[in-house]
Amino acid sequence: MEKQLERIGLVYHPDYNMDLGPHVFPARKYQMVYNLVKQDPKLASLYIYKPESAREKDLALVHTEEFLRDFFGLKLTERTQYSELPLTKQIVQSFVLAVGGTILATELTEKYRFVYHIGGGFHHSMPDRAEGFCYLNDAAIAVKLYQLRNPGKKILFVDLDLHQGNGNSVVFQNDPNVFTFSMHQENLYPKKETSGMDVPLEEGTDDQTYLQLLENSLERIVSSFRPDLIVYIAGADPFEGDSLGDLKLTFQGLRKRDKAIRDFALKTNARAVILPAGGYAKDFHDTVTIHYNTIKIFAAD
Ligand SMILES: [Zn+2]
């Protein structure tokens with residue numbers, strides 16, 4: 001008999017709050033999501049796990065030696081500059097810690113049905129270069145380690161960020177045990193890679209169209225791929241108030257999106273790691289609210 005799983009685990013570290021200077025990426029959102037969790041009577045009692053930094057040999061499961069050398073050496077080169085982020089010691093440490101957080105979250109699926117990492121989801125990072133605010137691909141590294149410990153297990157990426165999860169599409173392109181599914185606005189960064197399934201969306205896509213496409217896609221995927229572990233990239237940027245995108249999902253629509261993934265995981269008896277990824281709402285607090293709502297949905301019975 002399967003041992004009883006606890007419902008939700010949380011992972012967070014205060015050092016995710018890195019100083020990026022004046023930048024569109026709101027790194028202080030992690031701390032604010034954490035604060036909301038601590039103030040929530042239903043969530044405040046949950047134990048919050050604090051990760052350690054990932055080891056360099058873990059990073060090397062995905063990233064090339066040349067890229068890691070530039071990154072740790074704080075060198076702006078063709079391998080690091082497309083992060084479009086500054087490169088300081090603090091930022092390096094914060095990313096290495098966030099990788100440790102997603103590794104820990106993935107390990108904790110031994111104990112919890114769902115684990116939300118208040119950090120991570122840097123899905124544009126490629127093996128040999130940084131891209132789009134992402135230096136290290138935390139989820140790809142965590143999945144590689146998970147595979148070493150759990151050979152043969154099936155892993156499904158459900159990437160519902162505004163942007164295509166191009167890094168994971170590339171890393172797992174030839175891995176039959178990993179299926180990458182990405183639903184994203186088509187006419188935006190990044191240059192598209194080929195995922196297991198891509199669902200390109202037009203500008204102005206609303207709740208109803210989005211949720212219908214999501215349901216149809218999940219049904220198609222599960223007809224041939226039964227996941228043991230889902231990595232849910234729960235970006236806040238499909239939101240109608242986002243400054244980088246043109247999708248029109250409402251708060252309510254995003255809650256239904258999260259609920260669809262939660263119910264899909266329960267139905268398929270898969271564990272899930274949930275990562276916040278992007279979010280650039282014109283009102284910064286909306287991004288925080290959307291991530292917080294995701295935690296509440298996965299924590300609910
Ligand atoms: Zn995004």
Side-chain angles (χ1 to χ4, degrees), residues 16 18 20 23-30 32-33 82-85 91 94-95 98-99 101-102 116-126 129-140 157-171 180-193 195 197-205 207 210 213-214 217 231-251 253-255 257-258 261 273-294:
Y16 294 163
M18 56 192 162
L20 298 175
H23 195 280
V24 67
F25 187 84
R28 68 200 160 103
K29 73 179 181 178
Y30 306 118
M32 297 193 65
V33 172
Y82 300 110
S83 68
E84 300 175 56
L85 292 176
I91 291 168
S94 182
F95 269 90
V99 176
T102 301
Y116 189 100
H117 177 203
I118 309 174
F122 298 112
H123 59 164
H124 299 310
S125 164
M126 292 285 173
R129 67 182 186 276
E131 268 198 29
F133 315 154
C134 303
Y135 277 114
L136 300 172
N137 195 322
D138 55 303
F157 276 87
V158 176
D159 194 322
L160 300 183
D161 191 89
L162 168 71
H163 304 94
Q164 192 203 35
N166 56 336
N168 294 314
S169 309
V170 165
V171 172
T180 52
F181 162 51
S182 179
M183 227 165 96
H184 46 263
Q185 186 178 329
E186 181 63 5
N187 61 348
L188 269 190
Y189 169 86
K191 181 169 103 36
K192 303 299 176 292
E193 301 289 346
S195 313
M197 184 189 291
D198 286 298
V199 178
L201 303 170
E202 292 174 12
E203 288 179 20
T205 300
D207 288 348
Y210 186 97
L213 281 167
L214 177 58
S217 306
V231 179
Y232 174 29
I233 312 276
D237 42 10
F239 178 52
E240 60 183 346
D242 197 83
S243 64
L244 298 189
D246 310 285
L247 302 184
K248 296 288 172 230
L249 271 74
T250 63
F251 286 113
L254 287 162
R255 278 199 296 265
R257 171 196 76 161
D258 295 339
I261 305 310
V273 171
I274 305 118
L275 305 169
Y280 315 92
K282 288 164 197 147
D283 181 343
F284 165 69
H285 296 96
D286 289 344
T287 295
V288 174
T289 301
I290 292 163
H291 293 316
Y292 170 54
N293 286 344
T294 302

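Start at 1 and go down the list; that is how both ligands and their atoms are numbered. Any value given below was found using the heavy atoms of this structure, including those in side chains, with hydrogens, waters and symmetry copies removed.
Within the coordination shell of the Zn ion (ligand 1), defined by N, O or S atoms under 2.8 Å, His184 is absent.
Between His123 and Cys134 the shortest heavy-atom distance is N-SG, 3.8 Å.
Aromatic pair Phe122/Tyr135: ring centres not closer than 6.0 Å. Between Phe239 and Tyr280, a ring centre-to-centre spacing not shorter than 6.0 Å is recorded.
In His163, the N, O or S atom that comes nearest to the Zn ion (ligand 1) is ND1.
Taking the six-membered ring where the residue is Trp, Tyr16 and Tyr30 present perpendicular rings, their angle passing 60° and hence far from 30°.
With the Zn ion (ligand 1) at the apex, Asp237 OD2 and Asp161 OD2 define an angle of roughly 100° (rounded to 10 degrees).
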